[in-house]
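Right, one structure below, let's go through it.
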Amino acid sequence: MYISVIVLPLLSAVTVGFFGRLFGKKGAILLANFFVILTFTVSCLMFYEVNLSGTKVMIVLWDWLNIGTLQLQWSFLFDTLTCTMLFVITSISSLVHVYSVSYMEHDPHIVRFMSYLSLFTFFMIVLVTSGNFIQLFMGWEGVGVSSYLLINFWFTRIAANQSAIKAILVNRLGDIGILVALLLIFKTTQTFDFGIVFSLLDFIKDDTILIGFLEYNVVTCISIGLFIGAVGKSAQVGLHTWLPDAMEGPTPVSALIHAATMVTAGVFVLIRVSPILTYSTVSLVIITIFGAITGFFAGCIGIFQNDLKRVIAYSTCSQLGYMVMVCGLSNYSIALFHLMNHAFFKALLFLSAGSVIHAVMDEQDMRRMGGLIRILPMTYSLFVIGSFSLMGFPYTTGYYSKELILEIGVSSFNTYSFFSYCLLLIGAACTAFYSVRLLYFTFLAEINVSKAAVKYIHESPILMYLPMLILGFGSIFVGYILKDMYIGVGTTLYQNSLVDGLDNKFINLLQAEFLSVVIKLIPVIVSILVSILAYIGYNNYSKIFYSQDNTYLKVYKFFNKKWYFDILYNRLFVIPVLNFGNTITFKMIDRGVIEHIGPTGIVRLLKFNEKFFKQHMSGFIFKSVFIMVISIILY
């Protein structure tokens with residue numbers, strides 16, 4: 001059963017990808033959906049056996065590499081963390097597969113699309129089930145490749161090409177940190193196995209490494225390297241630029257990869273290596289501050305975006321900031337709980353956005369929609385559920401984890417956590433504002449859809465609505481149902497899957513539990529007030545948001561252009577590297593030195609030899625032997 005959860009998605013990807021034409025379009029689609037739903041069924045059984053029954057499974061298939069002290073095995077670890085992630089991955093993947101049947105039905109390459117979705121699911125499962133760091137890295141890289149293929153699915157579009165290349169290159173920068181961390185882990189422990197590395201931490205916690213002329217703590221360097229990888233994959237500030245551009249892929253791709261699973265891979269790695277992070281206070285402070293800045297930064301930008309999917313993409317960045325921040329405060333169980341909750345309501349938002357885009361003939365600019373509440377009432381209802389859960393509205397799924405993260409920030413009693421709390425509180429206000437703005441422009445404003453689209457607008461078919469309804473149910477009830485199991489004080493769910501708390505387990509959670517009611521209600525009150533003000537502002541005083549004041553336009557342009565991060569990176573890194581590549585490596589080295597020494601030089605040498613042999617090959621044996629001996633000596 002445990003191995004089948006890994007094999008089934010791979011079997012689906014290979015069968016549909018290579019032999020899909022033999023089954024026909026409908027047969028291939030049916031086969032892909034069957035395999036992924038079967039995988040989800042197996043994941044549910046594993047969730048019951050591992051999480052609810054309290055077992056833990058480690059499977060070693062065979063030896064992989066035995067080179068000196070390096071001994072690698074194909075091993076798979078199934079603990080609480082793994083089975084929770086499997087439940088999230090396979091459930092969202094199953095719903096996206098079903099949704100894609102209708103959404104992509106007119107695309108001639110839907111079979112290839114289904115194969116890519118299954119391939120991505122396979123690599124994500126390899127990532128979360130791995131029993132050592134090398135297997136984890138294989139899944140990590142496989143997820144990146146699958147993401148490239150899916151973002152660039154419509155490869156005839158230049159924007160899709162550029163976005164896919166940008167995504168994979170930015171992620172490669174983060175992967176440098178992962179590789180450095182893996183090298184340091186092997187240098188220090190002589191193994192890549194999770195269990196052995198974690199058990200040796202108490203012995204290597206004071207080890208140092210010389211970098212330049214300074215010594216640094218090895219565990220801190222490993223922690224920072226792993227975090228750099230998480231910054232790339234989970235789109236934290238600095239390496240976040242790929243995520244909004246990745247919206248060029250089909251909407252189901254956005255729901256699966258860039259909301260529910262791939263972008264959470266970085267957070268998963270931070271939770272998996274929680275024993276390592278616990279030994280490095282410096283890295284925890286860095287992680288906390290980075291997460292808070294990301295939450296604030298992405299929230300501010302989301303207010304000024306006009307593309308429907310990009311607004312939701314920046315909300316993803318913001319929510320990932322929450323997860324990373326609470327990892328920095330050593331409350332990994334809360335990060336995992338928010339990761340699971342976020343998967344449901346963010347996938348719902350993306351699939352609902354896909355329903356809208358599908359209805360208005362692929363228009364994505366919110367300002368060209370409006371009035372859809374009368375035509376798409378079911379989509380509007382589900383969009384409201386997803387938006388309320390995103391805002392952390394009381395008694396929705398997002399409320400049970402998002403508000404607790406803010407409570408942990410304010411109850412940790414140190415400067416950097418309170419600073420993070422303030423930033424994320426502003427981010428929560430921004431989330432409420434752009435959520436209401438999105439709903440207003442899309443559904444509540446005066447209709448601004450083209451005449452051609454008005455005639456076409458219709459509710460989506462049942463295969464698109466069924467996944468959205470399931471996700472809508474999850475966006476309301478999952479947080480309430482699983483709250484005590486995942487973050488209840490004294491829960492025994494995790495056993496030793498992760499390490500919570502710096503000194504005493506759940507100490508921060510207890511402090512948050514006994515905060516005054518006023519402090520606990522501040523985020524909720526702020527979100528509700530901002531939502532009401534945003535609605536009143538857009539409904540009655542919309543001229544304020546279309547002011548031609550020079551200062552307002554500068555502020556608008558600054559945030560609309562994403563704080564000029566792309567322009568800054570282009571001027572500081574991309575253009576100088578391209579110029580260097582053209583003038584130095586191409587013209588001077590490739591076309592100059594290598595070509596003259598290589599192909600051109602060989603041709604000249606052959607011509608010289610030809611003249612030499614014509615002059616000296618007179619037919620005498622002693623001359624021929626002399627030339628052969630000299631040639632052999634020279635070579």
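Atom-to-atom distance recorded for Asp245:CG and Ile151:CD1 is 9.0 Å, nearest 0.5 angstrom. For the atom pair CD1 (Ile357) and CZ (Phe350), the distance works out to 9.0 Å, reported to the nearest 0.5 Å. Taking CZ of Phe297 as the reference point, atom NE2 of His240 lies at 3.0 Å (rounded to 0.5 Å). Rounding to the nearest 0.5 Å gives a distance of 8.5 Å between CE of Met104 and CZ of Arg112. To the nearest 0.5 Å, the span separating CE on Met114 from NE2 on His97 amounts to 6.0 Å.
In this structure, the side chain of Thr82 engages the main chain of Val128 through a donor-acceptor pair within 3.5 Å. Between the side chain of Ser389 and the main chain of Gly386, no donor-acceptor pair closer than 3.5 Å is present. Arg571 places no side-chain N or O within donor-acceptor distance of the main-chain N or O of Ile567, the cut-off being under 3.5 Å. Of the possible donor and acceptor atoms, one in the side chain of Ser381 sits under 3.5 Å from a partner among the backbone N and O of Pro377. Ser234 contributes a side-chain N or O that, together with a main-chain N or O of Val263, makes up a donor-acceptor pair within less than 3.5 Å.
Checked against Phe304 for a ring-ring contact (aromatic ring centres under 6.0 Å, His included), the options Phe433, Phe558, Phe559 give a single hit: Phe559. Applying side chain to side chain donor-acceptor pair (under 3.5 Å) to Thr121 and the options Ser94, Ser146, Ser93 leaves one that passes, Ser93.
Ring pair Tyr99/Tyr103 is parallel by interplanar angle, where below 30° counts as parallel and above 60° as perpendicular. Between Phe155 and His109, the angle of the ring planes lies from 30° to 60°, which puts this pair in the tilted group. The aromatic rings of His338 and His342 lie tilted to each other, with the angle between the two planes from 30° to 60°. Ring orientation note: the planes of Tyr440 and Tyr535 are nearly perpendicular, at an angle over 60° on the 30°/60° scale. Between Tyr538 and Phe441, the ring planes lie perpendicular to each other; the angle is over 60°, past the 30° to 60° tilted range.
Taking the six-membered ring for Trp, Phe383 and Phe443 have ring centres closer than 6.0 Å. Under the 6.0 Å cut-off for aromatic ring centres, Phe473 and Phe477 qualify, their centroids lying closer than that. Here the two rings, on Phe133 and Phe137, have centers that are 6.0 Å apart or farther.
Residues Val143 and Phe120 have side chains in contact (heavy-atom distance under 4.5 Å, counting atoms from C-beta outward). By the 4.5 Å heavy-atom criterion applied to side chains, Arg272 and Met85 are not counted as neighbours. Looking only at side-chain heavy atoms (C-beta outward), Phe227 and Leu270 come within less than 4.5 Å of each other. Side-chain contact between Met369 and Asn448: absent, with no pair of heavy atoms (C-beta onward) separated by less than 4.5 Å. Between Val36 and Leu117, the closest side-chain pair of non-hydrogen atoms is not below 4.5 Å. Using a 4.5 Å cut-off on side-chain heavy atoms (C-beta onward), Cys44 and Phe87 make contact.
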**Request:** Report the C-alpha distance between Tyr314 and Tyr434 in whole Å, list the side-chain angles of each, state the deciding distance to 0.1 Å, and finish with yes or no for side-chain contact (heavy atoms from CB on, under 4.5 Å).
**Result:** CA-CA 10 Å; Tyr314 275 108; Tyr434 64 64; 5.9 Å; no
Practice task
Check the pair Ile125, Leu10 against side-chain contact (heavy atoms from CB on, under 4.5 Å), reporting the backbone distance first and the verdict last.
Solution key: CA-CA 10 Å; Ile125 290 173; Leu10 178 62; over 6 Å; no
How far apart are the C-alpha atoms of Met323 and Leu320, what are their side-chain angles, what is the distance that settles it, and do they pass the side-chain contact (heavy atoms from CB on, under 4.5 Å) test? CA-CA 5 Å; Met323 299 176 209; Leu320 290 166; 4.1 Å; yes
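Between Lys26 and Glu105 there is no salt bridge, since none of the side-chain N atoms of the basic residue sits less than 4.0 Å from a carboxylate O of the acidic one.
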